[in-house]
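Quick note: numbers below take in every heavy atom, side chains included, and nothing from hydrogens, waters or symmetry partners. We're numbering straight along the sequence, starting at 1.
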Amino acid sequence: MPLNILPALQAVPASTRILSLLLVAFSAAHFALAYLVAQNSPAPPRGGAEVPWLTMRAAESWKYPWTLLTAGFVELNVVEVIFSLLTLPLAARYLERAWGPRELLRFSAIVIVGSNVIAFGFSWLSYIMLGQEDAIYGLPYHGLSGLQSGFLVAFTQLIPEHQVQLFGAIKMRVKTLPGVYLLISNVLVIALGPSPYILVQFGFFVAWVYLRFFKLSEDGAYRGDRSETFAFQYWFPPVIRPYIAIAANHVFRLAVRFKLVTSWDEPVGGYSLPGPGSARAEAERRRALALKALDARLASSSPAPTTPAPASTSAPAAPEPARPALNTAVSREDKVKD
């Protein structure tokens with residue numbers, strides 16, 4: 001059995017392996033520490049609160065700032081561990097091949113830390129404004145739900161029209177998955193409380209902000225995704241998009257004024273976030289991505305063997321089969337130049 005598992009593990013990219021090992025290591029450490037605390041404490045354990053050194057609990061995490069990162073790799077039960085181990089390698093493996101190992105680790109750290117920072121402030125705000133002690137003393141924030149939401153945002157940016165099949169029966173496009181995940185999260189927040197399900201909303205927002213404004217392009221020419229289709233209002237139903245866009249534009253201008261983000265060109269359209277200034281830049285970016293995928297597909301496929309043409313008495317033999325390939329290559333180069 002180990003001989004069969006080892007090649008499969010070696011096929012997993014490096015950063016994906018690192019994230020998966022962190023999930024297993026921190027979850028196992030939490031189980032072990034929780035067991036030791038329960039054995040040596042007269043009070044019964046409180047579902048993750050007995051180990052404040054790994055999970056994010058607003059009342060205590062200010063003493064352990066590293067929990068803003070480690071909490072993302074801690075699952076409190078076996079079901080959560082299994083679900084995360086199934087989803088994390090699948091999503092991270094695809095993004096690592098599209099972005100590279102460093103960008104995947106950077107994106108994961110930003111989404112996990114950013115969503116936990118927002119959750120920390122949200123918990124204290126709920127305690128101060130509403131007097132809810134459970135907001136800072138209740139179930140700690142933990143798990144990969146925020147990063148999973150961020151992965152869905154990244155997939156929406158890369159392959160929005162790709163169709164997936166869920167549970168063998170439900171078909172939907174990738175760009176609809178974040179909305180479905182947010183809807184499920186909202187129901188769980190109302191039914192079971194904010195921790196940890198509200199991390200889905202926070203992770204979604206942090207991932208979109210990073211990909212929209214800060215992620216460096218492959219050629220290093222600009223930061224963010226300036227396409228209009230990735231603007232904030234397009235995550236909402238068409239009826240309320242104009243109103244969302246007006247509010248988003250005001251927030252964007254304030255962020256530019258305080259130098260939180262870099263100003264772009266003039267807005268494209270009447271009520272959209274500022275875009276690249278012309279549609280040609282976005283078309284060139286999408287064309288480059290398509291050509292890159294085509295080159296990778298052609299490189300992975302082996303050339304088909306050619307068979308000699310049969311002898312003919314009416315016309316002399318000529319190496320005709322080689323000409324269509326040359327014309328195809330020339331036409332592809334012309335299309336790229338256009």
Side-chain angles (χ1 to χ4, degrees), residues 18-38 41 43 45-81 83-85 87-88 92 105-151 153 181-182 185-186 188-190 192-210:
I18 292 175
L19 294 175
S20 301
L21 289 175
L22 288 175
L23 173 63
V24 173
F26 281 111
S27 297
H30 180 272
F31 290 149
L33 291 174
Y35 176 78
L36 293 176
V37 171
S41 176
R46 297 184 57 188
E50 67 274 8
V51 187
W53 318 289
L54 295 179
T55 56
M56 205 285 290
R57 200 176 182 209
E60 299 173 327
S61 292
W62 61 273
K63 297 181 291 185
Y64 315 109
W66 59 83
T67 57
L68 295 175
L69 179 62
T70 59
F73 297 100
V74 174
E75 300 291 1
L76 299 185
N77 55 67
V78 178
V79 176
E80 292 178 349
V81 173
F83 180 76
S84 296
L85 283 177
T87 57
L88 176 61
L105 293 178
R106 183 185 300 115
F107 175 81
S108 301
I110 289 174
V111 172
I112 291 175
V113 174
S115 57
N116 282 327
V117 167
I118 298 176
F120 182 86
F122 173 79
S123 298
W124 276 105
L125 186 63
S126 300
Y127 174 73
I128 295 173
M129 300 293 294
L130 304 176
Q132 297 178 350
E133 294 187 357
D134 288 341
I136 60 175
Y137 294 105
L139 183 67
Y141 289 94
H142 64 282
L144 286 175
S145 57
L147 183 59
Q148 292 164 355
S149 179
F151 283 160
V153 175
Y181 199 28
L182 289 173
S185 169
N186 290 331
L188 293 176
V189 167
I190 296 174
L192 303 177
S195 176
Y197 310 106
I198 203 171
L199 288 176
V200 174
Q201 284 90 332
F202 299 155
F204 164 85
F205 179 73
V206 173
W208 178 83
V209 169
Y210 174 72

Going from [atom1] on [X] to [atom2] on [Y], what distance comes out if it is rounded to the nearest 0.5 angstrom?
X: Glu60; Y: Tyr137; atom1: CD; atom2: OH; answer: 8.0 Å
X: Asn77; Y: His30; atom1: CG; atom2: NE2; answer: 10.5 Å
X: Leu192; Y: Ile198; atom1: CG; atom2: CD1; answer: 13.0 Å
X: Asp134; Y: Tyr127; atom1: CG; atom2: OH; answer: 11.5 Å

Minimum heavy-atom separation for [X] and [Y], please, with both atom names.
X: Val111; Y: Leu147; result: CG1-CA, 3.9 Å
X: Ile136; Y: Arg57; result: O-CG, 3.6 Å
X: Trp124; Y: Ala58; result: NE1-O, 3.0 Å
X: Ala119; Y: Phe202; result: CA-CE1, 3.7 Å
X: Pro140; Y: Ser195; result: O-OG, 3.0 Å
X: Val206; Y: Ile110; result: CG1-O, 3.6 Å

Report yes if some heavy atom in the side chain of [X] is under 4.5 Å from a heavy atom in the side chain of [Y]; otherwise report no.
X: Leu144; Y: Thr87; answer: no
X: Leu19; Y: Leu105; answer: yes
X: Phe107; Y: Phe151; answer: yes
X: Ser61; Y: Leu68; answer: no
X: Thr67; Y: Thr55; answer: no
X: Phe122; Y: Gln201; answer: no

Has the side chain of [X] got a donor or acceptor atom that lies under 3.5 Å from a matching backbone atom of [Y]?
X: Trp66; Y: Trp53; value: yes
X: Trp208; Y: Val153; value: no
X: Ser27; Y: Phe73; value: yes
X: Ser185; Y: Tyr181; value: no
X: Glu75; Y: Leu23; value: no
X: Ser145; Y: Leu199; value: no
X: Ser115; Y: Ile112; value: yes
X: Thr70; Y: Leu54; value: yes

Counting only heavy atoms not in Phe205, do more than 12 sit closer than 6.0 Å to its CZ atom?
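At most 12 heavy atoms, drawn from other residues, nucleotides or ligands, come within 6.0 Å of this atom.
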Report the C-alpha separation of Leu188 and Val200 in whole Å, then their side-chain angles, then the decisive distance to 0.1 Å, and conclude whether the side chain to side chain contact (heavy atoms under 4.5 Å, CB included) test is met.
CA-CA 11 Å; Leu188 293 176; Val200 174; over 6 Å; no
